[in-house]
*Asks:* 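Starting off with a structure, shown below.
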Amino acid sequence: MSPLLDALTEPLQYAFVRNGLLEMLLLGAASGLVGVFVVQRQLTFFAHALSHTIFPAVVLAAAFRLDLTVGAIVGAALTVLLDSGLQRRADVGHSGAVCEEFMTLFSLAVDLVGLLK
């Protein structure tokens, strides 16, 4: 074989490279399926903000030595509850509610990291 082809296929001899490649293919397929739903429901900003709004719950879970996955799930549930509560107000739209949560909870997380380090 050519040296270029050898250089490209050589990493595949390691199991962790093959496993990582398989995981990325599965993640890409799952993200594509979920991504269509997110775009159709116009939840792209909410999906982006969700990663930042769960940050304070993850920081608190780490501080109390709890499972970070549980902290993230609790943070996501609280974000959804807060979002639906803010949207019930007539003067707050979906993007406004998400933006308010995004900025407030992310700044709270930054403050918590500073206090708990």
Side-chain angles (χ1 to χ4, degrees):
M1 291 204 298
S2 71
L4 179 60
L5 190 58
D6 287 341
L8 290 173
T9 58
E10 181 183 359
L12 294 175
Q13 71 180 341
Y14 300 108
F16 74 92
V17 173
R18 290 190 305 270
N19 291 339
L21 185 60
L22 178 63
E23 289 172 14
M24 291 306 298
L25 290 172
L26 292 173
L27 182 63
S31 297
L33 295 173
V34 172
V36 170
F37 174 76
V38 168
V39 171
Q40 288 289 333
R41 304 275 292 177
Q42 298 178 352
L43 296 172
T44 52
F45 183 49
F46 181 76
H48 171 76
L50 191 60
S51 65
H52 292 80
T53 58
I54 66 170
F55 190 33
V58 172
V59 170
L60 288 174
F64 291 119
R65 302 204 189 285
L66 300 173
D67 186 20
L68 299 182
T69 305
V70 173
I73 291 170
V74 169
L78 290 175
T79 298
V80 169
L81 289 174
L82 183 61
D83 186 58
S84 62
L86 283 173
Q87 284 187 33
R88 287 191 185 135
R89 295 185 51 177
D91 59 341
V92 179
H94 177 68
S95 293
V98 172
C99 184
E100 184 69 30
E101 296 165 20
F102 186 175
M103 294 300 132
T104 303
L105 292 174
F106 190 66
S107 62
L108 174 66
V110 171
D111 290 341
L112 285 172
V113 168
L115 288 173
L116 298 174
K117 71 174 186 173

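Remember, predicted model here, so these are calculated numbers, not experimental data. Any value given below was found using the heavy atoms of this structure, including those in side chains, with hydrogens, waters and symmetry copies removed.
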*Asks:* Quick one: do Leu68 and Val70 end up in the same hydrophobic cluster if we chain Ile, Leu, Val, Met, Phe, Trp and Tyr together by side-chain heavy atoms under 4.5 Å apart?
*Replies:*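 Unlinked, Leu68 and Val70 end up in two clusters.
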*Asks:* Run the numbers on Leu78 and Leu82 for side-chain contact (heavy atoms from CB on, under 4.5 Å), then give the verdict.
*Replies:* CA-CA 6 Å; Leu78 290 175; Leu82 183 61; over 6 Å; no
*Asks:* Can you classify the ring geometry of Phe102 versus His52 as parallel (below 30°), tilted (30 to 60°) or perpendicular (above 60°)?
*Replies:*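 Aromatic pair Phe102/His52 classed tilted.
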*Asks:* Establish whether Leu21 and Phe16 are linked, either directly or via other cluster members, by ILVMFWY side-chain heavy-atom contacts under 4.5 Å.
*Replies:*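 Linked within one cluster.
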*Asks:* A quick test of your reading: do over 12 heavy atoms of other residues, nucleotides or ligands sit less than 6.0 Å from CD of Gln13?
*Replies:*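 Yes, CD of Gln13 has more than 12 neighbouring heavy atoms, counting only those of other groups under 6.0 Å.
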*Asks:* Shortest non-hydrogen contact from Val59 to Ala109?
*Replies:*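 Looking at all heavy atoms of both residues, the closest pair is CG2-O, 4.5 Å.
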*Asks:* With the side chain counted from C-beta on, respond yes when Ile73 and Ile54 share a heavy-atom pair under 4.5 Å apart, and no when they do not.
*Replies:*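 No, every pair of side-chain atoms sits at 4.5 Å or beyond.
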*Asks:* Please tell me whether Val58 and Met103 are part of a single hydrophobic cluster in this structure, the criterion being side-chain heavy atoms less than 4.5 Å apart.
*Replies:*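 No: no chain of side-chain contacts under 4.5 Å links Val58 to Met103.
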*Asks:* Taking the side chain as C-beta and beyond, is there a heavy-atom pair between Val38 and Val34 under 4.5 Å?
*Replies:*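 Contact flag for Val38/Val34 side chains = yes.
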*Asks:* Are the side chains of Asp83 and Phe46 in touch, meaning some heavy atoms are under 4.5 Å apart?
*Replies:*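 A side-chain contact exists here, since the closest heavy-atom pair is under 4.5 Å.
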*Asks:* Between Pro11 and Val17, what is the shortest heavy-atom contact and its length?
*Replies:*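 It is O-CB, 3.3 Å.
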*Asks:* Would you say Leu60 and Val113 are hydrophobically clustered, going by side-chain heavy atoms of ILVMFWY under 4.5 Å?
*Replies:*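 In one cluster with Leu60: Val113, yes.
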*Asks:* Would you indicate whether the side-chain heavy atoms of Leu112 and Phe55 approach each other to under 4.5 Å?
*Replies:*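 No, side chains not in contact.
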*Asks:* Sequence neighbours excluded, which residues qualify as side chain to side chain donor-acceptor pair (under 3.5 Å) partners of Asn19?
*Replies:*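 Once residues adjacent in sequence are excluded, Asn19 has no partner under the side chain to side chain donor-acceptor pair (under 3.5 Å) criterion.
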*Asks:* Can any side-chain N or O of Ser84 pair as donor or acceptor with the backbone N or O of Leu81 at less than 3.5 Å?
*Replies:*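 The answer is yes, because a donor-acceptor pair under 3.5 Å joins these two groups.
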*Asks:* Evaluate Cys99 against Phe45 for side-chain contact (heavy atoms from CB on, under 4.5 Å), listing each step before the verdict.
*Replies:* CA-CA 9 Å; Cys99 184; Phe45 183 49; 4.1 Å; yes
*Asks:* For Ala57 and Gly75, which heavy atoms make the closest approach, and how far apart are they?
*Replies:*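 Where Ala57 meets Gly75 most closely, the heavy atoms are CB-CA, 3.6 Å.
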*Asks:* Output the distance between atom CG (Leu108) and atom CD (Glu101), rounded to the nearest 0.5 Å.
*Replies:*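 Leu108 CG to Glu101 CD: 13.0 Å, rounded to 0.5 Å.
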*Asks:* Report the residue from Val98, Leu43, Thr79 that forms a side-chain contact (heavy atoms from CB on, under 4.5 Å) with Leu50.
*Replies:*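 Output: one option passes, namely Thr79.
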*Asks:* Which heavy-atom pair separates Pro56 from Leu105 by the least distance, and what is that distance?
*Replies:*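 Pro56 and Leu105 have their closest heavy atoms at CG-O, 3.2 Å.
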*Asks:* Linking I/L/V/M/F/W/Y whenever any side-chain heavy atoms sit under 4.5 Å apart, do Phe64 and Leu116 land together?
*Replies:*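 Yes, same cluster.
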